[in-house]
Amino acid sequence: MQDLIGVKTFTKYGLLTNKGELLFYLVSPTNISVLSHVNIEIKIRHLMMVLSAIPDIEITCTDSSECFDDNKAYLHERLEEEPNPKVRKIIGKDIDFLDHIQMEMATARQFLFIARLKNTKDKQTFDTANRIEKIISEQGFETHRMKKNEIKRFLALYFEASMNGEQMPDVDGEQFYEVDDGEDSED
C-alpha cells in the first residue's frame, strides 16, 4: 500500500513521499453558523492571506471519525433476510444506534493544511515548518503541526482502514517480523 500511494517513511516533521516531504497542520474548525456576515468575510480574508503567503499549501477536509455506511448496509441486508422478529428488532435497534452516532459525528470534521517540501535539509525543513505554522496562526486559525500518531490516524480514516490508526505499525507487517539480534549461524 505504501508503494501504491508513494509513501516512503515518517520523518521528524511529517511524511516523506515520492514527491517530497508532507507537513500536516491540523486547523480547529470555526462554527460559521454562529458568526455574523462580517465575521465570515473576515475569516475568508484571513484564509486568503494564508493562501497568498503559502500559495502551494493544500487544504483537506475529512471526517474526524469513521463512517458507518458499510455497517449500516450490512445490517439492512440482514434485516431483510432475518425471519426471527426478535432478532429483527435487535438489528433495527443497531441501525438506529449507528444512525444516532453518525448524526452526532456529522459535524465532526477535521481541516488540514498540507505543505509539500522538496529537496530540503533538516534545518530548512524545521525553519519552514515553523514559518508555516506561524503564518497560519497569525491569521487567526488555531493550528498545530501534526505529530506522527495524528498523521497515522488521519491516514487510517482517510483510507477507511481503522479508527485506531495511531496504533498501526509504521511498516506494514512489522508486527509479524521478528529480528534475531543473535549471531547469524550457518549450520
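Source: prediction; values computed, not measured.
In this structure, Arg116 and Glu58 approach most closely via the heavy-atom pair NH2-OE2, 3.4 Å. Across Glu150 and His144, no two heavy atoms sit closer than the pair OE2-NE2, 2.8 Å.
Under a hydrophobic-cluster definition in which Ile, Leu, Val, Met, Phe, Trp and Tyr are linked whenever side-chain heavy atoms come within less than 4.5 Å, directly or via other members, Val7 and Leu22 are assigned to the same cluster. Residue Met146 is not grouped with residue Leu16 when hydrophobic side chains (ILVMFWY) are merged at heavy-atom distances under 4.5 angstrom, including chains of intermediate members.
In this structure, OG1 on Thr120 lies 6.0 Å from CD on Glu21, to the nearest 0.5 angstrom. Note that the NZ atom of Lys148 and the OG1 atom of Thr11 stand 10.0 Å from one another [nearest 0.5 Å]. How far OG1 of Thr60 is from CZ of Phe154: 5.0 Å, rounded to the nearest 0.5 Å. Remark: Lys134 NZ to Glu138 CD distance equals 5.0 Å, nearest 0.5 Å. The CD1 atom of Ile151 sits 8.0 Å away from atom CZ of Arg145, with the distance rounded to the nearest 0.5 Å. The distance from atom CD1 of Ile95 to atom NZ of Lys72, rounded to the nearest 0.5 Å, is 9.0 Å.
Taking the side chain as every heavy atom from C-beta outward, Leu98 and Leu75 approach each other to under 4.5 Å.
A side-chain hydrogen bond (donor to acceptor under 3.5 Å, both in side chains) check over residues 35-50, counting only residues at least two apart or in different chains, returns the pairs Ser36-Asn39, His37-Glu41.
The environment of Gln124 atom CD is dense: over 12 non-hydrogen atoms of other residues, nucleotides or ligands sit within 6.0 angstrom. No more than 12 heavy atoms of other residues, nucleotides or ligands lie within 6.0 Å of CG in Asn119, so this atom counts as exposed by the packing criterion.
Side chains of Ser137 and Thr143: a donor-acceptor N/O pair is absent below 3.5 angstrom, by distance only.
Other residues sharing the hydrophobic cluster of Val27, ordered by chain and number and joined by side-chain separations under 4.5 Å: Tyr13, Leu23, Tyr25, Leu47, Val50, Leu51, Ile54, Ile57, Ile59, Phe111, Phe113, Leu117, Phe126, Ile132, Ile135, Ile136, Phe141.
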Please report, to 0.1 Å, the donor-acceptor pairs under 3.5 Å made by any side chain of residues 84-94, with sequence neighbours excluded.
residue : atom : partner : partner atom : Å
Asn84   : OD1  : Lys86   : N            : 2.9
Arg88   : NH1  : Leu79   : O            : 2.2

